[in-house]
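Order of appearance sets the numbers: ligands from 1, and atoms from 1 within every ligand.
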Amino acid sequence: MAFQKSPGTQDILPGVVERWQYAEQKARDICRRFNFREIRTPIFEATELFQRGVGETTDIVEKEMYTFTDRGDRSITLRPEGTAGVVRSYVENKLYGEPDVSKLYYIGPMFRYERQQAGRYRQFHQFGIEALGSVDPSIDAEVIALGYTFYKEVGLKGVRVEINSVGTPAVRAAFREKLLAFLMPMREQLCKDCQSRMERNPLRVLDCKTDQARFENAPSILDSLDEECTTHFEKVKTYLSDMGIPFSINPRLVRGLDYYTHTAFEYKAEGIGAIDTIGGGGRYNGLVAEIGGPDQPGVGLGLGLERTIMLLEHQQAELDNAHQVDVYVVALGEAADREVTRLVYELRTSGIRAERDYLGRKMKAQMKSADRLQARYTAILGDDELARGEIALKEMATGEQRVVALASLASELKSN
Ligand code: HAM
């Protein structure tokens with residue numbers, strides 16, 4: 001019996017992987033410009049970290065974690081998201097002792113046992129950033145701007161930014177009461193999900209797609225913000241406008257993780273079935289202390305790479321991988337065959353993308369292979385040329401052919 005991949009996982013094959021490489025390269029490049037530095041944390045952590053960090057009443061902790069007991073009898077969980085691990089590392093390595101704000105980024109796999117659908121996987125990948133150690137709203141705006149810039153620079157069109165303030169825990173507790181008073185009379189008419197959310201996390205009820213129409217007159221959390229929250233939110237909006245980042249305010253926006261305070265935001269785009277959120281994040285001022293560290297604030301985001309790539313394909317964004325190799329070296333004859341092994345190595349080590357035949361094929365089949373790879377040049381080496389220390393070089397686009405010295409092939413190709 002042949003094996004198949006597990007449900008909710010993907011093989012990323014050549015042809016598509018180039019999109020991934022491009023997106024990852026863009027992410028790294030943008031982080032370099034914004035002065036975020038990479039952090040690599042383990043893919044599994046103690047289960048309790050996520051229970052405490054992500055929150056006991058979230059869907060993630062309640063039903064989506066890949067949790068197992070290891071051989072040392074520890075409860076281990078494959079990371080369902082990146083923030084908790086980064087914060088654990090920030091505390092464990094005492095990064096808070098450094099004089100500057102810790103601006104960190106990561107790219108890697110996350111695991112959630114979710115129902116499969118377009119854009120929803122059990123192993124998926126995030127590009128995430130976390131800025132720890134400052135309450136300044138300019139960092140909230142910078143984080144939002146970084147995500148926006150990422151989408152823009154990878155070539156994604158139609159990305160909308162929605163922002164909200166979810167206040168402080170005290171603000172939320174007061175709002176929760178107001179909201180429950182509004183929801184109670186309609187409890188029986190709401191969907192099962194809403195009913196259970198009313199008990200666990202009423203703010204998330206407003207997020208429900210099924211019952212949206214009933215919430216038109218629901219109270220807005222923005223009316224419940226205290227002065228500190230309002231000032232913070234106002235500044236974030238001002239800075240975003242100053243940077244020219246378009247955004248809209250969505251007072252219903254509540255994220256699926258418990259740690260957010262003040263700013264919460266999402267990036268949305270159409271094109272992946274029922275899913276429109278492609279990335280999100282926010283501020284989390286209580287999280288570092290919650291998992292045993294000092295009282296340090298943080299703000300960050302996580303962008304789903306599968307969703308980004310799917311949308312790029314959907315929008316048929318061009319991928320610049322037309323020429324897979326610079327030169328295909330064709331060998332004719334035994335002596336030439338030996339020289340080609342050396343020659344191709346020389347070309348590759350001098351920075352040229354070079355390919356050759358490994359199947360003992362005739363010239364015609366080798367030329368076809370060069371065509372498939374869209375080689376810019378084919379270099380043809382027969383025993384005669386070899387004896388003269390030369391090689392025939394053909395430019396594929398024009399059909400133009402000339403003879404160059406073997407010793408100067410690398411520099412010849414480089415100067416073109
Ligand atoms: P999140 O909203 O849970 O936030 O996930 C961020 C993004 O990861 C989503 O918008 C989506 O693009 C992608 N994603 C989530 N689940 C799946 C899935 N099952 N399949 C495919 N893509 C998925 C967080 O994870 C926070 N840690 C973000 C953050 C960082 N907040 C502050 N710092």
J.: Which protein N or O atoms sit under 3.5 Å from any N or O of ligand 1? Give atom names and distances.
T.:
residue: ligand 1; atom: 2 (O); partner: Arg255; partner atom: NH1; Å: 3.1
residue: ligand 1; atom: 2 (O); partner: Arg255; partner atom: NH2; Å: 2.8
residue: ligand 1; atom: 3 (O); partner: Arg112; partner atom: NH1; Å: 3.1
residue: ligand 1; atom: 3 (O); partner: Arg112; partner atom: NH2; Å: 2.8
residue: ligand 1; atom: 4 (O); partner: Arg255; partner atom: NH2; Å: 2.9
residue: ligand 1; atom: 5 (O); partner: Gln126; partner atom: NE2; Å: 3.2
residue: ligand 1; atom: 8 (O); partner: Gln126; partner atom: NE2; Å: 3.2
residue: ligand 1; atom: 10 (O); partner: Gly279; partner atom: N; Å: 3.2
residue: ligand 1; atom: 12 (O); partner: Ile278; partner atom: O; Å: 2.8
residue: ligand 1; atom: 12 (O); partner: Gly304; partner atom: N; Å: 3.2
residue: ligand 1; atom: 16 (N); partner: Arg112; partner atom: NH1; Å: 3.4
residue: ligand 1; atom: 19 (N); partner: Glu114; partner atom: OE2; Å: 2.7
residue: ligand 1; atom: 19 (N); partner: Tyr121; partner atom: O; Å: 2.8
residue: ligand 1; atom: 20 (N); partner: Tyr121; partner atom: N; Å: 2.9
residue: ligand 1; atom: 25 (O); partner: Arg112; partner atom: NH2; Å: 3.1
residue: ligand 1; atom: 25 (O); partner: Gln126; partner atom: NE2; Å: 3.0
residue: ligand 1; atom: 27 (N); partner: Glu81; partner atom: OE1; Å: 2.6
residue: ligand 1; atom: 27 (N); partner: Thr83; partner atom: OG1; Å: 2.9
residue: ligand 1; atom: 27 (N); partner: Tyr259; partner atom: OH; Å: 2.9
residue: ligand 1; atom: 31 (N); partner: Tyr260; partner atom: OH; Å: 2.6
residue: ligand 1; atom: 33 (N); partner: Thr83; partner atom: OG1; Å: 3.2
residue: ligand 1; atom: 33 (N); partner: Glu130; partner atom: OE1; Å: 2.8
residue: ligand 1; atom: 33 (N); partner: Glu130; partner atom: OE2; Å: 3.1
residue: ligand 1; atom: 33 (N); partner: Leu301; partner atom: N; Å: 3.3

J.: Go through the side-chain N and O atoms of Tyr284 and Glu130 and say whether any donor and acceptor fall under 3.5 Å apart.
T.: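 Checked: Tyr284/Glu130 side chains pair up, N/O donor to acceptor below 3.5 Å.
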J.: For the residue pair His232 and His262, does the interplanar ring angle fall in the parallel (under 30°), tilted (30 to 60°) or perpendicular (over 60°) class?
T.: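 Tilted, since the angle between the ring planes falls between 30° and 60°.
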J.: Once side chain to side chain donor-acceptor pair (under 3.5 Å) is applied, do any residues pair with Asp70, and if so which ones, sequence neighbours excluded?
T.: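 Partners of Asp70 under the side chain to side chain donor-acceptor pair (under 3.5 Å) test: Arg74.
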J.: Could you give all pairs that pass the side chain to side chain donor-acceptor pair (under 3.5 Å) test and reach residues 213-227, with sequence neighbours left out?
T.: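 Passing the test, one end in residues 213-227: Lys178-Ser224.
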J.: Verify whether one side chain among Ser138 and Asp136 offers a donor that lies under 3.5 Å from an acceptor in the other.
T.: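 Yes, Asp136 and Ser138 have a side-chain donor paired with an acceptor closer than 3.5 Å.
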J.: Taking salt bridge (Lys or Arg N to Asp or Glu O under 4.0 Å) as the test, write out the residues that go with Arg33, two or more places apart.
T.: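 In terms of salt bridge (Lys or Arg N to Asp or Glu O under 4.0 Å), with neighbours along the sequence ignored, Arg33 is linked to Asp29, Glu153.
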